[in-house]
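Inspection log for the structure reproduced underneath, given as structure tokens.
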Amino acid sequence: MIRKAFKMKLYPGKEVEYKRRHDQLWPEMEQMIHDYGGHEYSIFLDPETLTLFAVLEIEDEARWAASAETEICQKWWASMVELMETHPDNSPVSIDLVPVFYLK
């Protein structure tokens, strides 16, 4: 497994709605994440900066990258535009984090 971590940014006042949508994650989105090799996906919020920190395990970089082209991923991204910083294609502005320590 490959462990990935990245950060994203919420808009002010959108914390509750962001959590609600993830608490009610669409079954098709969950299935797509698993179908494209995603496992153990966690997102944490720093309430002071509204920075989201995500960590997940993937099976393969190319396979995971291909998930962005799925219809369900595109639909999810479009639904999140009002909550967080996004690119013109609706993908979240996401900055990869560099691993510096891991204890299993």
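In this chain, numbering begins with 1 at the start of the sequence shown.
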Roughly how far apart are [X] [atom1] and [Y] [atom2], rounded to 0.5 Å?
{"X": "M8", "Y": "L83", "atom1": "CE", "atom2": "CG", "result": "11.5 Å"}
{"X": "E28", "Y": "K75", "atom1": "CD", "atom2": "NZ", "result": "6.0 Å"}
{"X": "Q74", "Y": "N90", "atom1": "CD", "atom2": "CG", "result": "7.5 Å"}

Of all residues at least two apart in sequence or in a different chain, which pass the salt bridge (Lys or Arg N to Asp or Glu O under 4.0 Å) check with [X]?
{"X": "R21", "result": "E17, E82"}
{"X": "K19", "result": "D23"}
{"X": "K4", "result": "E61"}
{"X": "E59", "result": "R63"}

Consider only side-chain heavy atoms of I, L, V, M, F, W and Y, link residues closer than 4.5 Å, and tell whether [X] and [Y] are in one cluster.
{"X": "I2", "Y": "L56", "result": "yes"}
{"X": "V55", "Y": "F6", "result": "no"}
{"X": "M84", "Y": "W26", "result": "yes"}
{"X": "L45", "Y": "L25", "result": "yes"}

What I'd like to find out is whether the side chain of [X] reaches to under 4.5 Å of the side chain of [Y], using heavy atoms alone.
{"X": "H39", "Y": "H34", "answer": "yes"}
{"X": "S67", "Y": "I33", "answer": "no"}
{"X": "C73", "Y": "M32", "answer": "yes"}
{"X": "D46", "Y": "F53", "answer": "yes"}

Legend entry - Crowding at CD, E71 (>12 non-hydrogen neighbours, <6.0 Å): no
Inset, instruction - Look at atom NZ of K7 and say whether more than 12 heavy atoms of other residues, nucleotides or ligands are closer to it than 6.0 Å. - result: no
Sequence-distant partners of [X], side chain to side chain contact (heavy atoms under 4.5 Å, CB included), two or more places apart:
{"X": "Y11", "result": "K14, E85"}
{"X": "A66", "result": "Y36"}
{"X": "S42", "result": "F44"}
{"X": "H22", "result": "Y18, I43, W76, M80"}

Not counting sequence neighbours, which residues clear side chain to side chain donor-acceptor pair (under 3.5 Å) with [X]? List them please.
{"X": "D60", "result": "none"}
{"X": "E48", "result": "none"}
{"X": "T70", "result": "none"}
{"X": "Q31", "result": "D35"}

Inset, instruction - Could you pull out the closest heavy-atom pair between G38 and W64, with the gap in Å? - result: CA-CZ3, 3.8 Å
